[in-house]
Every structure is written in C-alpha cells, then in structure tokens.
Amino acid sequence: MPRGMAERMGRLSPSATMEVRRRTEELLRAGVDVIDLGPGEPDFGTPEPVRRAGVAAIEGGCTGYTQAGGIPELRAAIAARYRRDYRVSYAVEEVVVAAGAKQALFSLALALFDEGDEVLIPAPYWVTYPEVARLCGAEPVLVPTDPTDGFHLSPAALEERVTPRTKAVIVNSPCNPTGALLAPEELEAIVELAARHDFYAIFDEAYEAIVYERGPFSAAPLKDEHVIVVGSLSKSHAMPGWRIGWVLGPREVIRAVLTVQSHSITHPASISQYAALAALEGAWDVVDPMVAEFRARRDLVVEALRKIPGIDCPVPEGTFYVFPDVSAYLGGDSAALARALLEGAHVAVVPGEAFGGRGHIRISFTRPRERLAEAISRIAATLEGLHG
Ligand SMILES: Cc1ncc(COP(=O)(O)O)c(C=O)c1O
C-alpha cells in the first residue's frame, strides 16, 4: 500500500488563481466572449531573428546535450550584455543559464535554504516565492509595502524583520503584481543591509526591460558576495515558452546552482539556448516597440480605472500589470470580486489574495487596446451594479 505524498506537500498551498482559471476556461469553451486579463505573458510573438535562430539550431543539429551551465557562448553573451548595459564585469563562472527565472529561483532555493532558515519576501509578492521557500523547509517572512508609497520597499521595514535566521531576501523589481520599480539607491540600501547582516539579496529582474519613465535598473552593478541576480528572456523578448533565464552571482553560489541543475533538468533545452544567444547578441531595440505598446495600454487602463468610483489605481512604473485597490467593493474580498467580474462582466482578473494583496486585483494589459477598453467598461458596469 503506497504511503501517500511527501510531508513537504502539506506545506504548499494550491494556487489561489486556480478557480478563476478553471471557470474562465469553462466559459470560453461554452463560447462566451471572456476577456482574459489574467495571463502573465506578452501577447506578442518572439522576434523573427530569434525564431530563425531556433530553427537554424534544429536544422544545424544543435540537438545534443550541452554543458549543465549552458553553452559557453551564451554564458559569455549574458555577461557581455551586463557589461554593455550596466558596466559591470561577470566572469563566465559567475553566470549560469537556467530554464527560465522560475527554475533559476527553484535551484537557488535548493542550493541556499535549510530547514529553519527565514526568507524575507516583500508583499505583495509573486506567488512562487513563499512556496519555493516552504518547499525547501525555510520560513517565508513577509515584509509589507505601502500602496500610498507606490509599494516601494522600505529598508527600515526590511531591517525590522531581520533575525539571526535570515538567509535571504527576494526582491522583485519591477514587481509582479504591483509594477513598482526600485531606484538604484533603493537597491543599494538593500544590498548594504544584506552585507551588514550577512544574508543573500536575491534580485528577481524578470521584468527588467519592461519599464516606462525611468530605468531599466539592475542590481548587477552592486556585485558582491551577497548579491544574486536572476534574469529572463520570457518577458523582454516574448519568449516564455522557450524557457531561458539565468543567475549571476558569487562563484560558489553558481557552482551550487549548477550542481542542482545537473542532477535535475540537466540543462535548458539546447535549441532554446541558441535562440537566446541570438536574442542577446541581437539588437535590443526589438524590445522598444513592445514597451511602447505596453506604455500606451498602461495609460489607457489606468485612466479608465481611475474614472470608476471607489477605485484607486497606482501607476505601474514597470511590468504589464496594474494592481488597483478595489476594497470599496464587496468589503475588500477581492476573490469574490474576481468571481463577480468573471460572471457579470465576463472579464478574468487575478484576485489580490494570490499575491498577499487582499483588496486589490491584478489586471494584465497583455491584450490589444480595444479589448482593454471594452474590458474596463464592462468592469465599470458590473461594479456600478454591485454598488447599487
Ligand atoms: C516575478 C516573476 N519572476 C519570474 C517569473 C518566471 O519567469 P520565467 O518564464 O523566466 O520562468 C515570472 C513569470 O511570470 C514572474 O512574474
């Protein structure tokens, strides 16, 4: 008789977004015109030169195993990109290619976190951080951020929660779901704190390229033994399905990630690595039209949401999400509100509870402008009914 699931599975929570997803798919299958503002991926295709490089890799027979840390040319191209854009020098041994930022974070957690360690996580947070910490036996310690302050992380709030068991902080800038972008001096303050208390500062920069008025900013130039930077091509080059990300960090951390990787995924797919090489060596201006379109959509969505009574919508400085405060409706139960919007407006959004941000919803502007305008006017009509 099998003895069931591992004890660690009891530490994981099922995704708070699952119910909305299930119902969205059910409605779509029934032919209902649902506008799905849930997805966390660009609605653009991968740029053509990158797609062609993938095809060439298949045709050229680049289909065997590669080194666990990735093909040396790609590791070098990642280092070159940071040298060019941020004037910081990482050796190839300080870079590892991963199968996306998520897998990079998972390998890092396995490499760094022990039972009983504490991991500081600013809230609202990306859903995976607390789960990945728990999976490795560590305890997530949430650090609240303030919407009136644009959800910026205060070093004082972070320091208040540091204990001798603090192993790391995971900082996400620009942040999914809030869109907050930390300035270089804020990144510096976090690194200074990590150095003083001797814990790792892990910077998840998956959205680094999707920024509007300021930036891009990276923590990579703050390179020291506490700094770990995670990057990805999923958002910048509309490549989520290719699964390419990376970690920059101290050599011993990179060696440990490499060991975890070599015994788990072996390496990211060879074909994707050659496509990623083309993305990194190619002109970064392929990103510009996407960012320009996202900026126009952001402005449209923020302006339309702000016209709805009771909604407060901070302007995101990066990412393709807005995270409005909808607590004036249904007593701040945003899970109930997301259900009401799906049933009443046929618009799918993600409830803030999924990100530790009750009273908010996450709206992803990864749809054409006319669909977004239609979605917000449907939301407005449904909310008016809820008020009355
Ligand atoms: C904050 C954040 N980090 C990492 C990822 C994962 O990116 P990747 O596709 O590179 O695994 C996502 C994807 O949504 C994200 O929102």
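Residues take their numbers from the sequence shown, with the count starting at 1. For ligands, and for the atoms within them, numbers begin at 1 and follow the listed sequence.
Contact check on E303 versus R306 returns no salt bridge, with no Lys/Arg side-chain nitrogen under 4.0 Å from an Asp/Glu carboxylate oxygen. The pair R255-E93 fails the salt-bridge criterion, with no side-chain N (NZ, NE, NH1 or NH2) lying under 4.0 Å from an Asp/Glu carboxylate O. With salt bridges taken as basic N to acidic carboxylate O contacts below 4.0 Å, one links R196 and E159.
Two different hydrophobic clusters hold I265 and I271 under the rule that ILVMFWY side chains link at heavy-atom gaps under 4.5 Å. Hydrophobic clustering places Y86 together with I190 (ILVMFWY residues linked when any side-chain heavy atoms are closer than 4.5 Å, directly or through intermediates).
The 4.0 Å heavy-atom shell around ligand 1 contains residues G100, A101, K102, W126, Y129, N172, N176, D204, A206, Y207, S232, S234, K235, R243, ordered by chain and number.
Using a 4.5 Å heavy-atom cutoff, the side chains of D33 and R371 are in contact.
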